[in-house]
Number of protein chains: 2
Amino acid sequence: MQVRQLAEMLGVSPDTVRYYTRIGLLEPKKSIDNGYKFYSPNDQNRLRFILSARDLGFSVDDIKQIFHKADEGESPCPTVRRLIDNRLHETEQRFQDTLRLRARMHVAVESWGDKPDKRPSGNVICHLIDDFNKMPE
Amino acid sequence: MQVRQLAEMLGVSPDTVRYYTRIGLLEPKKSIDNGYKFYSPNDQNRLRFILSARDLGFSVDDIKQIFHKADEGESPCPTVRRLIDNRLHETEQRFQDTLRLRARMHVAVESWGDKPDKRPSGNVICHLIDDFNKMPE
DNA sequence: TGTAAACCTGTGAGCTGGACACAGGTCAAG
DNA sequence: CTTGACCTGTGTCCAGCTCACAGGTTTACA
């Protein structure tokens, strides 16, 4: 199976498959005559797993570690539990950051509604941004 | 003023100041004798603006556009209003994505609580992830 | 049989917003 | 005069792909 066929089967772009191949998550065989990469059913299975893990927030490096354990016949589950703990904290952090940013942006847009446009002057580049930054908490 | 002094004054790392300089947001003069970059009070003002804009979710490219308008004496405000509209949509999208991911992760961790570790077998790499992906909505 | 267009491939580079490595310059203490 | 601490600019790297490109392959049609 070539890259495009595998990609379409699992609903990702060929470039994505190439990327996972490049970093060693997939290990297709190289055809002798044309140099094309040939993906096995096992690669197909691995890709399916990669996509599942990705949807749970695992990084490709996480997935690499999981594969490493599994390839040695050990249970990757303890690793998985440990890794998702870290990712969960990161995601929570990102969530809070995004939440705060969103609120800030809404307040800014709101407060800019009845303010005029102004030309830059002195050390004020855009009074909307400059003034908003100075606003009381 | 040299890079470190400017950086400390506004609470960022020298590397950050170098980065903004490299991409053209700051334009210090090069000292003739030692090649060091010399930042003016105007650079200081620009950096302050950059940090304010950054805190409102503007990208460095956005800020470049804003500076471009302002440097030509035009009002950057219409640009600013247009740009924050885009960024607001993006932030909302990222917020929703992060929210969904966070929920998914919580559900996963919850449901894994009473499941055992297993060794990989057949085409199951990690049953926690493989099975969770197959779970009903 | 030829051939031209459409499609496919692998590889290399680019994106954001900095962080880090490194070789060399500068300056005060001794 | 030298040692060491500190500072500098420049180049490279990070995730997770996406895009550009040159060339190979297959198909449509004459």
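In this text the structure is predicted, and so the values were computed from the model without any measurement. Lettering follows sequence order; numbering is per chain, from 1.
- If you take NE2 on A/H127 and NZ on A/K115, they are separated by 7.5 Å, rounding to the nearest 0.5 Å.
- In this structure, the NZ atom of B/K64 is 12 Å from the C1' atom of C/dC15, given to the nearest Å.
- An OP1 or OP2 oxygen of C/dT11 is reached within less than 4.0 angstrom by a side-chain nitrogen or oxygen of A/K30.
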Review item, nucleotides 25-28 of chain D N/O atoms under 3.5 Å of protein N/O:
none

Do any N or O atoms of the protein come closer than 3.5 Å to N or O atoms of nucleotides 17-22 of chain D, and which pairs are they?
| from | atom 1 | to | atom 2 | distance (Å) |
| --- | --- | --- | --- | --- |
| D/dC17 | OP2 | A/Y20 | OH | 2.9 |
| D/dT18 | OP2 | A/S13 | OG | 3.4 |
| D/dT18 | OP2 | A/T16 | OG1 | 3.1 |
| D/dC19 | N4 | A/D15 | OD1 | 3.4 |

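- In this structure, the separation between CD1 on A/I66 and OG1 on A/T79 is 7.5 Å, given to the nearest 0.5 Å.
- Taking atom CG of residue B/D61 and atom C1' of nucleotide C/dG17, one finds them 12 Å apart after rounding to whole Å.
- Taking only side-chain nitrogens and oxygens, B/K37 comes nearer than 4.0 Å to OP1 or OP2 of D/dT10.
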Practice problem: Would you check, one step at a time, whether the test side chain to side chain contact (heavy atoms under 4.5 Å, CB included) holds for B/R100 with B/D97? | Solution: CA-CA 5 Å; B/R100 260 194 303 275; B/D97 290 348; 3.0 Å; yes
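- For the residue pair B/S31 and B/D33, a side-chain donor N or O sits within less than 3.5 Å of a side-chain acceptor on the partner.
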Practice problem: For the pair A/F67 and A/R46, evaluate side chain to side chain contact (heavy atoms under 4.5 Å, CB included) and give the outcome as yes or no after the intermediate values. | Solution: CA-CA 9 Å; A/F67 277 173; A/R46 283 171 90 99; 3.3 Å; yes
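- More than 12 heavy-atom neighbours from other residues, nucleotides or ligands sit within 6.0 angstrom of CD on B/E72.
- Atom CG in A/L25 sits about 12 Å away from atom P in D/dA15, given to the nearest Å.
- In this structure, A/R87 is not positioned above the aromatic face of A/F58 in the sense of NZ or CZ being under 6.0 Å from the six-membered ring centre and within 45° of the axis.
- In this entry the distance linking CZ of A/R4 with C1' of D/dG24 reads 15 Å, nearest Å.
- For the pair A/Q5 CD and C/dC7 P, the computed distance is 17 Å after rounding to whole Å.
- Between the CZ atom of A/F38 and the C1' atom of C/dG10 there is a distance of 17 Å, rounded to whole Å.
- Rounded to an integer number of Å, the gap from A/D62 CG to D/dG16 C1' is 13 Å.
- Taking only side-chain nitrogens and oxygens, B/Q2 comes nearer than 4.0 Å to OP1 or OP2 of D/dT8.
- A distance-only check finds a donor-acceptor pair linking the side chain of B/R81 to the backbone of A/W112 [under 3.5 Å].
- Remark: the A/D55 side chain and the A/S52 side chain contain no N/O donor-acceptor pair separated by less than 3.5 Å.
- Atoms CG (B/L6) and P (D/dC7) sit 15 Å apart, rounded to a whole Å.
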